Amino acid sequence: TIDDAIIGMSSFSALAVAVLVWVALLARDPGIKRARALGTQRAALRAGASGPLRRKERLQTLGLMHKIVSQLRLLKSVQARKVSIKLMHAGWRSKDTLVKFFFFKLSLPFVFGGIAVFFVYGLDIYQLEAPMKALVALGSVMVGAYAPDVVVKNAAQKRQDMIRKALPDALDLMVICAEAGLSLDATLVRVADEIESSTPELADELTVTGLELGFLPDRRQALKNFGIRTDLVVVRGMVNTLLQSERYGTPLAHSLRVMAAESRDERMMRAEEKAARLPALLTVPMIIFILPPLFIVLIGPAALSIVDTLSQM
């Protein structure tokens, strides 16, 4: 009945609110998660019994994906370079990830479309009209086609936000290391070791940049690669400042101190921008969820009285 439906929806809403509040108040420590992952990896390496079998299965799976992608010449296409840069922004730099992306990009439309056709046409569980069935099948194919892009974009956005938030603190540590007399390579490696437990994303980028500064013949290219991998305005400004410091011999500590102040000001401006957007964002939820119950509470008794009076006449 309608009463049971209202009770069920109210119970589900209360449970969802409780879960959201619990998740929001739950304290997260990325160091604990990383330590557990390292412990699991060490235990798997020590066991060693199932390691070769799992690696063999993984190589067979990747071999099948690589065979399909290679036959279609997707790795040699124009989009391969652009896709590899997008995957690099998300923190996935291996060639196997590019193969997986193209494989899922190719197969998911068929998988989603086949599932939709099976449920809509085969089982006919929703009893839709023919145009609506075709629309659902086409929509499922479109969802499967764009799902890998959405996943990569969300992962890249999340990673960029983490790097942007942690960069001012990392620059402060770099200032301390530079004033202590360390070179740029040693500064990056040292700061990466210090922030690895709190911000593994930025630590990874700094470590890769420090290694590239050591073995690439052109140090400028190593710093430019740092800006390409992160795709952040503040990081590109940092790279340009470091390039000018390398070229003209300006003091590294002074340049890093200026960059730390600028990045901290940018982080504060972003926080103020989000705070200024809150009134506009809260207007629609207020209209939808607050005003209707308020009207029901205020006007409901009077409306019921009018209905009773008119029914007795």
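All figures in this text were calculated on a predicted structure; none of them were measured in a lab.
Two different hydrophobic clusters hold Leu182 and Leu171 under the rule that ILVMFWY side chains link at heavy-atom gaps under 4.5 Å. Note on Val175 and Met259: same hydrophobic cluster, where clusters join Ile, Leu, Val, Met, Phe, Trp and Tyr whose side-chain heavy atoms are under 4.5 Å apart, directly or indirectly.
Salt-bridge annotation for Arg164 and Asp161: present, with a side-chain N of the basic residue lying under 4.0 Å from a carboxylate O of the acidic one. The residues Lys165 and Glu201 are annotated as not salt-bridged, no charged nitrogen and carboxylate oxygen being separated by less than 4.0 angstrom. Look at Arg219 and Asp185 and you find a salt bridge, because one of the NZ, NE, NH1 or NH2 atoms lies within 4.0 Å of a carboxylate O, short of that distance. With respect to the salt-bridge test (charged N to carboxylate O, under 4.0 angstrom), the residues Arg264 and Asp172 qualify.
The OG atom of Ser263 sits 10.5 Å away from the CG atom of Leu256 when rounded to the nearest 0.5 Å. Separation of atoms CG (Leu213) and CG (Leu242) is listed at 9.0 Å; rounding is to 0.5 Å. Separation of atoms CD (Glu196) and CD (Glu194) is listed at 10.5 Å; rounding is to 0.5 Å. Note that CD1 of Ile195 is 9.0 Å distant from CG of Asp169, once rounded to the nearest 0.5 Å. A distance of 6.0 Å separates CZ in Arg247 from CZ in Arg220, rounded to the nearest 0.5 Å.
Sparse packing is recorded around CZ of Phe110, with 12 or fewer heavy atoms of other residues, nucleotides or ligands lying under 6.0 Å away. Summarising the local packing, CZ of Phe12 is surrounded by 12 or fewer heavy atoms from other residues, nucleotides or ligands at distances under 6.0 Å. Atom NZ of Lys133 has more than 12 heavy atoms from other residues, nucleotides or ligands within 6.0 Å.
The heavy-atom pair separating Ala130 from Tyr121 by the smallest distance is O-OH, 4.2 Å.
Within the 3.5 Å criterion, the main-chain N or O of Thr241 finds no donor-acceptor partner in the side chain of Ser245. At least one donor-acceptor pair closer than 3.5 Å links the side chain of Gln160 to the backbone N or O of Thr230.
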* Can Asn225 and Gln221 be said to form a side chain to side chain donor-acceptor pair (under 3.5 Å), step by step? -> CA-CA 6 Å; Asn225 291 339; Gln221 186 61 41; 2.9 Å; yes

